[in-house]
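One structure is given below, encoded as structure tokens.
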Amino acid sequence: MKERIEAISKELEQLKADSVAAAEELRIRFLGKKGEVTQLFEEFRTIAPEYKKEFGRRLNELKNLATARIEEIKAAAEEANNSASASKTDLTVPGDPMNLGSRHPVSIARKDILDIFNRLGYTVAEGPEIEDDYHVFEALNFPVDHPAREMQDTFFISSGINPILLRTHTSSVQVRSMEKMELPIRVVCPGRVFRNEAISARAHCIFHQVEGLYIDQNVTFADMKQAILMFAKEMFGPETQIRMRPSYFPFTEPSAEVDVSCNICKGKGCNICKGTGWLEILGCGMVDPNVLEASGIDSKKYSGFAFGMGVERIAMLKWQVKDLRNYFENDLRFLKEFEANL
């Protein structure tokens, strides 16, 4: 057995293989179930007890040598194979085309809205999504016991004298603008808002708003109507008309809801506008003097108007999307429809 161990050791030192398959054949030849080294371990059982210690050590050394040598041969064969494959690669061949993503329809609509008002001289103002009760309600003429608070089902984070909550509208940014900015003020306030509402095709607990505020001397309802008309024509087309219906908001007086003529049926009536020829897009009104005074603005010298719209609502009307939930489900089939709007 001693001579066979020495012979196999010498043979292992001289082994070579030109492929991974050949290296695997060598492993089977020496270390497989019927391999030469494995057979020596079978014969080891018949060795006299006084020689077992010496031959056991030599057999373990032989097995370790065989394992290491074959792994070395296999690694060399793999490296040679990879080098050969790399040398055959044609670097001038065009690569696989990459699938480009598309902007989200809410992002597209938001940008379009802001671009229109930017051309009208408005700047963008933003504020925190986690707000206090004062900026969301009290400064906007919502007393603690005012029934109008029930119009907006709020997510409260903490209670107390001035509770912390998730803002229900971006009007809180208007309040912060009136507190900090110099007059005159002309801003649009985009952002995400939260209301505790059941999710359906026409409502969601999360949505996006763009609200606008203009405060200066001698600002009138006619100025507001003209600004909204110009926005509607830019967003939905030059033939678009608007109508205003009396409404109520605690922070504006007088207040109105604004409809645009249906851009599908051109005002004749269809299933989108429910046969009326009109589609509601936003609420607006002249800023209540109490709101001005709460932010330190002299309501006898200054006046202004405010408006607010849901971005998802504008996007639904612009692209005839019938289910609000599509904006939040990240369905690639839906999002790919807006690739042309990059």
Side-chain angles (χ1 to χ4, degrees), residues 113-114 116-152 154 160-165 167-191 193 209-232 242 244-258 282-309:
I113 295 169
L114 297 183
I116 292 170
F117 282 105
N118 179 258
R119 296 197 295 271
L120 295 176
Y122 289 75
T123 58
V124 174
E126 296 183 312
E129 294 180 351
I130 300 177
E131 264 288 8
D132 55 45
D133 182 271
Y134 175 80
H135 287 92
V136 174
F137 292 122
E138 189 172 344
L140 290 166
N141 209 28
F142 287 86
V144 175
D145 57 350
H146 199 292
R149 284 178 180 255
E150 299 178 4
M151 295 166 58
Q152 302 178 14
T154 308
I161 298 176
N162 187 24
I164 304 301
L165 49 92
R167 66 184 181 189
T168 60
H169 47 205
T170 56
S171 301
S172 57
V173 183
Q174 296 181 4
V175 175
R176 293 185 177 275
S177 298
M178 288 188 286
E179 291 175 339
K180 298 178 181 179
M181 296 179 67
E182 295 183 2
L183 295 167
I185 297 173
R186 185 183 284 146
V187 295
V188 281
C189 312
V193 299
Q209 281 187 335
V210 173
E211 298 198 22
L213 175 69
Y214 176 40
I215 298 176
D216 201 349
Q217 297 184 48
N218 303 316
V219 177
T220 67
F221 197 96
D223 296 324
M224 178 180 68
K225 181 178 179 181
Q226 186 62 24
I228 294 174
L229 177 61
M230 291 182 66
F231 162 74
I242 67 170
M244 292 184 165
R245 295 175 286 105
S247 187
Y248 167 76
F249 304 108
F251 36 87
T252 56
E253 179 61 36
S255 305
E257 297 279 1
V258 179
L282 57 84
C284 63
M286 302 300 294
V287 180
D288 192 292
N290 291 335
V291 175
L292 296 175
E293 295 291 345
S295 297
I297 298 175
D298 186 354
S299 62
K300 295 180 181 179
K301 183 178 180 181
Y302 293 95
S303 59
F305 62 78
F307 56 85
M309 67 191 79

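Below, each value reflects all heavy atoms present in this structure, side chains not excepted, and no hydrogens, waters or symmetry copies.
Atom CZ of F251 and atom CD of E211 lie 6.5 Å apart (nearest 0.5 Å). The structure places CG of L292 at 5.0 Å from CD1 of I215, a figure rounded to the nearest 0.5 Å. One finds the OG1 atom of T154 at 6.0 Å from the CG atom of L165 (value rounded to the nearest 0.5 Å). The CG atom of N290 lies 11.0 Å from the OG atom of S295; values are rounded to the nearest 0.5 Å. A distance of 7.5 Å separates CZ in F307 from CG in L282, rounded to the nearest 0.5 Å. Distance check, rounded to the nearest 0.5 Å: OG of S172 to CD of E131 gives 4.5 Å.
Across Q209 and T170, no two heavy atoms sit closer than the pair OE1-N, 3.1 Å. Between E293 and S299, the closest heavy-atom pair is OE2-OG, 2.7 Å. Across all their heavy atoms, N141 and P250 have their closest contact at ND2-O, 3.0 Å. The two residues L213 and A306 come nearest to each other via the heavy atoms CD1-CB, 4.2 Å.
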Which pairs of donor and acceptor atoms, one on a side chain in residues 116-128, lie under 3.5 Å apart (sequence neighbours left out)?
from : atom 1 : to   : atom 2 : distance (Å)
R119 : NH2    : E234 : OE1    : 2.9
T123 : OG1    : R186 : O      : 3.4
E126 : OE2    : R110 : NH2    : 3.1

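Within the structure, salt bridge (charged side-chain N to carboxylate O under 4.0 Å, His left out) contacts touching residues 245-256 (residues at least two apart or in different chains) are R245-D259, R245-E280. Every pair passing side chain to side chain donor-acceptor pair (under 3.5 Å) that includes a residue from residues 218-230 is listed here, sequence neighbours excluded: T220-D223.
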Please evaluate residues F231 and I113 with respect to the criterion side-chain contact (heavy atoms from CB on, under 4.5 Å), reporting the C-alpha separation (whole Å), side-chain torsions for both, the decisive distance (0.1 Å), and the verdict. CA-CA 8 Å; F231 162 74; I113 295 169; 4.1 Å; yes
May I have the step-by-step check of side-chain contact (heavy atoms from CB on, under 4.5 Å) for Y302 and V287, ending in yes or no? CA-CA 10 Å; Y302 293 95; V287 180; over 6 Å; no
Could you walk me through whether Q174 and I185 pass side-chain contact (heavy atoms from CB on, under 4.5 Å), step by step? CA-CA 10 Å; Q174 296 181 4; I185 297 173; over 6 Å; no
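Considering only heavy atoms from C-beta on, V173 comes within 4.5 Å of S177 through its side chain. Using a 4.5 Å heavy-atom cutoff, the side chains of M244 and I228 are in contact.
Partners of E129 by salt bridge (Lys or Arg N to Asp or Glu O under 4.0 Å), not counting sequence neighbours, listed by chain and number: R192. Residues satisfying the side chain to side chain contact (heavy atoms under 4.5 Å, CB included) criterion with D132, sequence neighbours excluded, are Y134, H135, N162, I164, R176. K301 is linked by a side chain to side chain contact (heavy atoms under 4.5 Å, CB included) to Q217, D298, counting only residues two or more places apart in sequence or in another chain. Partners of S255 by side-chain hydrogen bond (donor to acceptor under 3.5 Å, both in side chains), not counting sequence neighbours, listed by chain and number: T252. Residues forming a ring-ring contact (aromatic ring centres under 6.0 Å, His included) with F305 (at least two apart in sequence, or on another chain): Y214. In this view, P163 and D133, F156 satisfy the side chain to side chain contact (heavy atoms under 4.5 Å, CB included) rule, not counting sequence neighbours.
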